[in-house]
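To keep things clear, I will list the structure first and then write my remarks on it.
Convention: sequence-line order gives letters A, B, ...; per-chain numbering from 1.
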Amino acid sequence: MASRRITPLSGFPELLPGQRIVEAQVVRTLSETFELHGFAPLETRAVEPLDQLLRKGETSKEVYVLRRLQASEEDDGGDSSGGLGLHFDLTVPFARYVLENAGKLEFPFRRYQVQKVWRGERPQEGRFREFTQADIDVVGRDVLPFHHDVEVARVMVDALRRLEFLPPIRLQVNNRKLIQGFYSALGAPDVDAVMRAVDKLDKVPPDAVQQLLVDEAGLDEKQADLCLRLAAISTDDGSFADEVRALGLEHPLLEEGLEELAAVVEGCASLVDQRVRIVADLKIARGLDYYTGTVFETRLDGFEWLGSICSGGRYDALASDGKTSYPGVGISLGLSRLLVPLFQRGVLASDRSVPSAVLVALPDEESRPTCDRVAHQLRERGIATEVAAAPQKYGKQIRYAERRGIPFVWFPATGGGDHEVKDIRSGDQQPADPASWSPPAGDLRPRTVVSTVSTGSTTESPDEGAPS
RNA sequence: GUGGAUGUAGCUCAGCUGGUAGAGCGCCGCGUUGUGGUCGCGGAUGUCGCGGGUUCGAGUCCCGUCAUUCACCCCA
């Protein structure tokens, strides 16, 4: 059989073992944090009917279609759903899940979900066709009190701050009501077009956006100028409201948005520290999605080019069965976008490529039962242990451990002597009892290692970050 | 999906106007016959991303393709 040359697949990243160890630890930290806040774990199927995926306003998404190899032409277009597609986010499947299980769920319903999603877009650094998202959402029946907007922001910030290896982050918050009210008060003929233009401020210089506002959103110079002045407002406290009011426009929606935005910023103020900033940033618009109030984006210091790693917002009408509507608010974290670039650039790594904390050396094949017993005793106490594969010279066995980052090598007692355990980083070797010996707590699990590329310096941080 | 740049050893990269493929690091072995890392000596790195074309001859020039990356689109 001719072997086809194997090549990577564009946009479908795969991790090395040490990187996967870091990712798995991150997922563990996120899940624990979400559950600390009472969010229930949830998983939905990978596929949805295409008509669900392509509901209003979502037709531009690049959806991967699922098809049976044996399906005939007639089968494809036959059923009413129009076939199946892989989900491109976790919010749309969740909305469907809520409708489907509304009778069995308690509202407001809080859930988190960490799953792969697929988008047929052109890959770039931090943009993939298959990637992992971590979502939290709160959904109510008919109504959802505003304080949940503050809650989801607090939960996600709490989760992010526990990932101590991350560069400092900046959560940017805005409010759709605020900007829509402002644009309406201004007399903008097409509020969506204004948002779309303003949303480009990240990449396009202000005077170009001004031109867009005039050409495509139908504003005059003075209106466009006011839009830019609004978008330029960015404060880390409630003072943005004064700056907005100083622009002299009034509208009920604008007022409502100002109050909500202030509530989010002030509600999160207690979480702010050196590694987490929260700003009211009035240029955040979030495209044309289903958002109706609060909107979030999140950026990493020094990695602004990556775009937002974590965003979301309030949607008043995401799910509805005609009689009942289910308003929600949520945020989703792009786990792959966050981690893969840090791996690629060598910023993040694991200090081990295996979970093992101990390698039990094997003097000879006859001693394997003895070695297995030692390993068993250690594992019984939660210490990840492996026994050497072959009775090579001890130097080789030590090197085996070193290559994998296993910190301890155990030398079993032979001929009546003591067992000994060696820390191969320090070279320190001590007699030890397999029934009671434990490594230092910090060596029990692999650690995430952060290296600052510019200086080349290396610092270690425990993965299970405690709130400080 | 559209357009541009890039692709040489496991990694970082040399390789001139076409003429038999290189370095450092890493890896393997020995010195060191059950205790690695330092040092010394020795060794192997490879369908030059892949396929086709031009040519006596292609890593080098041309076309296609795949991958990476940048911009657009969109967004985690």
**Prompt:** Counting any heavy atom closer than 4.0 Å, what does A:Lys396 reach on the DNA or RNA strands: base, sugar-phosphate only, or nothing?
**Reply:** sugar-phosphate
**Prompt:** Counting only Watson-Crick or G-U wobble pairs whose two distances fall under 3.5 Å, which nucleotide matches B:U35?
**Reply:** none
**Request:** Tell me what A:Phe411 touches on the nucleic acid: a base, only sugar-phosphate, or nothing, going by heavy atoms under 4.0 Å.
**Result:** base
**Asked** Contact class for A:Gln344 vs. all strands (heavy atom < 4.0 Å): base, sugar-phosphate, or nothing?
**Response** sugar-phosphate
**Pairwise distance CZ(A:Phe240) to CG(A:Asn174) - rounded to 0.5 angstrom** = 8.5 Å
**Message:** Quick check: on RNA chain B, is the nucleotide nearest A:Ile424 upstream (toward 5') of the one nearest A:Phe128, or the reverse? Name the residue that is more 5'.
**Reply:** A:Ile424
**Message:** Would you say the rings of A:Phe39 and A:Tyr112 are close, in the sense that their centroids are separated by under 6.0 Å?
**Reply:** no
**Nucleotide nearest A:Ser10 when distance is taken to its side chain, options B:G34, B:U68, B:C28** = B:U68
**Message:** Any base atoms under 4.0 Å from A:Gly11, or only sugar-phosphate, or nothing? Heavy atoms, all strands.
**Reply:** sugar-phosphate
**Request:** Remember a base hit wins even if backbone is also touched, and classify A:Gly427 as base, sugar-phosphate or nothing at under 4.0 Å, heavy atoms.
**Result:** base
**Asked** Which is true for A:Lys116 with a 4.0 Å heavy-atom rule: it touches a base, it touches only sugar-phosphate, or it touches nothing?
**Response** nothing
**Item:** Touch class at under 4.0 angstrom, heavy-atom based, for A:Gly307 against every strand present
**Value:** nothing
**Message:** Quiz question: going by heavy-atom distance under 3.5 Å, is there a donor-acceptor pair between the base of B:G37 and the side chain of A:Glu402?
**Reply:** no
**Asked** So what does A:Arg129 touch, heavy atoms closer than 4.0 Å: a base, only the sugar-phosphate, or nothing?
**Response** nothing
**Request:** Check whether any side-chain N or O of A:Arg127 sits under 3.5 Å from a backbone N or O of A:Glu121 as a donor-acceptor pair, and report yes or no.
**Result:** no
**Item:** Counter-base of B:A23, judged by Watson-Crick or G-U geometry with both distances under 3.5 Å
**Value:** B:U12
Between protein and nucleotides 3-7 of chain B, what N or O pairs are separated by less than 3.5 Å?
residue	atom	partner	partner atom	Å
B:G3	O6	A:Arg122	NH2	3.2

**Message:** Parallel, tilted or perpendicular: which one describes the rings of A:Tyr64 and A:Phe12, with boundaries at 30° and 60°?
**Reply:** tilted
**Asked** Which part of the nucleic acid, if any, lies within reach of A:Pro391 when heavy atoms closer than 4.0 Å are counted: base, sugar-phosphate only, or nothing?
**Response** nothing
**Asked** Sequence neighbours excluded, which residues qualify as salt bridge (Lys or Arg N to Asp or Glu O under 4.0 Å) partners of A:Arg45?
**Response** A:Glu48
**Prompt:** So what's B:U68 paired with, Watson-Crick or G-U wobble, going by both distances under 3.5 Å?
**Reply:** B:A5
**Prompt:** So what does A:Gln429 touch, heavy atoms closer than 4.0 Å: a base, only the sugar-phosphate, or nothing?
**Reply:** base
